[in-house]
Amino acid sequence: MPVNPDRFLQDLHALRAIGASGVGKGVVRPAFSEADIAARDWLAGRMAEAGLEPHFDPVGSLFGLSPGAERSLLLGSHSDSQPEGGWLDGALGVIAALEVARAAQEAGGPPVSVVSFEDEEGRFGVTTGSAIWSGHLPLAEADGLTDPAGVTFADARAALGDRRGDFVDPARFTGFLEMHIEQGPTLDTAGEALGVVEAIVGIRDMTITFAGQQNHAGTTPMALRRDAFQALSAFNLALAERFANVVTPATVWTIGHVSLHPNAHSIVPGRASFSMQWRDGDADRLRRMEEIIRDIAAEICAARGMTCEFGPMLGLEPVAMDEGLRAALARAAEAEAPGRWRHMPSGALHDATNAARLMPAAMLFVPSIGGISHDFAEDTAEADLVSGLRTLARAVADLD
């Protein structure tokens, strides 16, 4: 099933131009933004040209369905980006899927469908579009989620207008394959071309709010302050100490978003709301970390005469990839890059986690230069992109 690398790279660069940041190869294409919707409209057109049937579901996930086939293999990823995103995160998997589907059509089979899930990057949660499609997140619940600016998911998806149709029946698909950049340094450091994912880590994400007392920054003595930011600082320092006997070198945690109120130079902040996210491959460890996080927050607030509130817990469980699909990817990787590939875990979350609830799922990684992702500097050598494409096509042909 020969693919067309030039056509694949041309499409990949054309998608990059939609929402281009003006800095390197970066893109700004958050879920439901004008650039995100424009990219999905462009993708729908390319799907139709490839002989697929474009279909938007109620939350904006775009499927290119293989015509005339009762069941098909589903390939894809997502095309939305982080607020400051790289050009390959998600987009690579969508365009690779499109090229393999085109090659399959030209070769007379097998039937391949394509998907670009909406809001994988979590403007409103965690892999929102595929979480809803998989049944993990009810749509009614998702509609009440808000982004950092207070916009609801329901209001944001209304921007899709009359593009939206029904949800696609997962029973149409025999399995799901997702090609992605590694987003880490392992392959690049080792000089390897490909990674076959064994499992995807679990993730927990919630917002915590410390409420103290807003006051004058010049007249309030330090000993009398109920400073919400100082409480946050103490919380952050305590995490590493309390996690020491629980976590492994592969465990990660991040405070990535902080909002201070009233956020002024001369006012002691009375409230600090911040994101708390942690990831690990062991569900019990994730649970234990949650207990520690809640305990630390409660202790710090009690000691400082403050209150703390915990927002809804979002997250997904660790998930192993399907052995049969992994084996097909491994055979294809060895054929494409003999001795220059490895089995490896994914420390990043992906739509394959949700797809695995419904059908066999597996993932293929290509290197990230310098291990950089979620940044305008994200990049991968085009030779590695094409190698990944060929490996994906080999695996699809093998499965057929």
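Along the sequence shown, the residues carry numbers beginning at 1.
Side-chain contact check for Ser273 and Thr207: no donor-acceptor pair (N or O, by modelled atom type) lies under 3.5 Å. A donor atom on one side chain and an acceptor atom on the other are not found under 3.5 Å apart for Thr127 and Asp351.
Put simply, the side chain of Arg123 never gets that close to the backbone of Asp147: no donor and acceptor are under 3.5 Å apart. A donor-acceptor pair under 3.5 Å links the side-chain atoms of Asp80 to the main chain of Glu120, judged by distance alone. For Arg225 (side chain) and Thr220 (main-chain N/O), a donor-acceptor pair under 3.5 Å exists by modelled atom type. With hydrogens and angles disregarded, no donor-acceptor distance shorter than 3.5 Å links the side chain of Ser368 to the backbone of Ile181. Counting only distance, with no hydrogens or angles, the side chain of Trp278 and the backbone of Thr251 share no donor-acceptor pair below 3.5 Å. The closest donor-acceptor contact from the side chain of Ser134 to the backbone of Ala355 lies at 3.5 Å or more, if one exists at all. Checked by atom type and distance alone, the side chain of Thr128 never pairs as donor or acceptor with a backbone atom of Gly122 at under 3.5 Å. With Thr391 contributing its side chain and Ser387 its backbone, the two residues share a donor-acceptor pair below 3.5 Å. The backbone N or O of Gly93 sits nowhere less than 3.5 Å from a side-chain atom of Ser77 that would complete a donor-acceptor pair. Put simply, the side chain of Thr380 never gets that close to the backbone of Leu385: no donor and acceptor are under 3.5 Å apart.
Tracing side-chain contacts under 4.5 Å through hydrophobic residues (I, L, V, M, F, W, Y), one reaches Leu160 starting from Leu145; they form part of the same cluster. Follow the hydrophobic side-chain contacts under 4.5 Å out from Leu73 and you reach Met1 in the same cluster. At a threshold of 4.5 Å between side-chain heavy atoms, the hydrophobic network of Ile, Leu, Val, Met, Phe, Trp and Tyr places Met206 and Phe124 in two separate groups. Linking Ile, Leu, Val, Met, Phe, Trp and Tyr residues whenever their side-chain heavy atoms come within less than 4.5 Å leaves Val94 and Phe63 in two separate clusters. A continuous path of Ile, Leu, Val, Met, Phe, Trp and Tyr side chains, each step under 4.5 Å between heavy atoms, connects Val112 with Leu392, placing both in one hydrophobic cluster.
Expressed to the nearest 0.5 Å, how far CD of Gln183 lies from NE2 of His374 amounts to 5.0 Å. Atom CD1 of Ile18 and atom CH2 of Trp87 lie 13.5 Å apart (nearest 0.5 Å). Here the CG-CD distance, from Asp227 to Gln213, works out to 11.0 Å after rounding to the nearest 0.5 Å. Of the inter-residue distances, the one linking Asp384 atom CG with Glu192 atom CD reads 11.5 Å to the nearest 0.5 angstrom. If you take OG on Ser275 and CD1 on Ile255, they are separated by 7.5 Å, rounding to the nearest 0.5 Å. With values rounded to the nearest 0.5 angstrom, Asp6 atom CG is found 9.5 Å from Glu382 atom CD.
Between Arg157 and Asp119 there is no salt bridge, since no side-chain N of the basic residue sits under 4.0 Å from a carboxylate O of the acidic one. Between Glu336 and Arg394, at least one side-chain nitrogen of the basic residue sits less than 4.0 Å from a carboxylate oxygen of the acidic one, meeting the salt-bridge criterion. Glu99 and Arg102 are joined by a salt bridge, as a carboxylate oxygen and a charged side-chain nitrogen come within less than 4.0 angstrom of each other.
By the 4.5 Å heavy-atom criterion applied to side chains, Val23 and Glu84 are not counted as neighbours. Here the side chains of Trp253 and Asp280 are not in contact, with every heavy-atom distance at 4.5 Å or above. Looking at heavy atoms from C-beta onward, Gln82 lies out of side-chain contact with Ser373 at the 4.5 angstrom threshold. Between His180 and His350 the shortest side-chain heavy-atom distance falls below 4.5 Å. Between Asp379 and Ile372, the closest side-chain pair of non-hydrogen atoms is not below 4.5 Å. Counting only heavy atoms from C-beta outward, the side chains of Asp143 and Thr152 never approach each other to under 4.5 Å. Considering only heavy atoms from C-beta on, Ile293 comes within 4.5 Å of Ile208 through its side chain. Under the 4.5 Å side-chain criterion, counting only non-hydrogen atoms from C-beta, Ser72 is in contact with Phe173.
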For residues 228-244, dump all side-chain donor-acceptor pairs below 3.5 Å to protein atoms at least two apart in sequence or in another chain.
from: Arg242; atom 1: NH1; to: Glu299; atom 2: OE1; distance (Å): 3.1
from: Arg242; atom 1: NH2; to: Glu299; atom 2: OE2; distance (Å): 3.4

Table please: side-chain donor-acceptor pairs of residues 35-55 below 3.5 Å, with sequence neighbours left out.
from: Asp36; atom 1: OD1; to: Arg40; atom 2: NE; distance (Å): 3.0
from: Asp36; atom 1: OD2; to: Phe32; atom 2: N; distance (Å): 2.8
from: Asp36; atom 1: OD2; to: Arg40; atom 2: NE; distance (Å): 3.4
from: Arg40; atom 1: NE; to: Glu118; atom 2: OE2; distance (Å): 3.2
from: Arg40; atom 1: NH1; to: Gly60; atom 2: O; distance (Å): 3.3
from: Arg40; atom 1: NH1; to: Ser116; atom 2: O; distance (Å): 2.9
from: Arg40; atom 1: NH1; to: Ser116; atom 2: OG; distance (Å): 3.3
from: Arg40; atom 1: NH2; to: Phe117; atom 2: O; distance (Å): 3.0
from: Arg40; atom 1: NH2; to: Glu118; atom 2: OE1; distance (Å): 3.1
from: Asp41; atom 1: OD1; to: Arg163; atom 2: NE; distance (Å): 2.9
from: Asp41; atom 1: OD2; to: Arg163; atom 2: NE; distance (Å): 3.4
from: Asp41; atom 1: OD2; to: Arg163; atom 2: NH2; distance (Å): 2.9
from: Arg46; atom 1: NE; to: Asp11; atom 2: OD1; distance (Å): 3.2
from: Arg46; atom 1: NH1; to: Glu49; atom 2: OE1; distance (Å): 2.4
from: Arg46; atom 1: NH2; to: Asp11; atom 2: OD1; distance (Å): 2.9
from: Arg46; atom 1: NH2; to: Asp11; atom 2: OD2; distance (Å): 3.2
from: His55; atom 1: NE2; to: Asp166; atom 2: O; distance (Å): 2.7

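Residues forming a side chain to side chain donor-acceptor pair (under 3.5 Å) with Glu291 (at least two apart in sequence, or on another chain): Arg287, Arg288. Listed by chain and number, the residues in a salt bridge (charged side-chain N to carboxylate O under 4.0 Å, His left out) with Glu141 amount to none (sequence neighbours excluded). Partners of Trp341 by side chain to side chain donor-acceptor pair (under 3.5 Å), not counting sequence neighbours, listed by chain and number: Glu334.
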Candidate pair His136 and Thr353, rule side chain to side chain contact (heavy atoms under 4.5 Å, CB included), full reasoning: CA-CA 11 Å; His136 177 67; Thr353 297; over 6 Å; no
Stepwise side chain to side chain contact (heavy atoms under 4.5 Å, CB included) check, Val59 with Trp133: CA-CA 9 Å; Val59 302; Trp133 183 62; over 6 Å; no
Stepwise side chain to side chain contact (heavy atoms under 4.5 Å, CB included) test for Phe8 and Leu92: CA-CA 10 Å; Phe8 159 69; Leu92 171 61; 3.7 Å; yes
Verdict with reasoning, Asp57 to Ile132, per side chain to side chain contact (heavy atoms under 4.5 Å, CB included): CA-CA 10 Å; Asp57 78 6; Ile132 294 169; over 6 Å; no
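Ile200 belongs to a hydrophobic cluster with Val126, Leu187, Val197, Ile203, Leu314, Leu316, Val319, Met321, Met344, Leu349, Met363, Phe365, counting contacts under 4.5 Å between side-chain heavy atoms of Ile, Leu, Val, Met, Phe, Trp and Tyr, direct or through other members.
Nearest heavy atom pair, residue Val28 against residue Ser21, reads CG2-CB, 4.1 Å. What you find for Thr219 and Pro221 is that their closest heavy atoms are O-CD, 3.3 Å.
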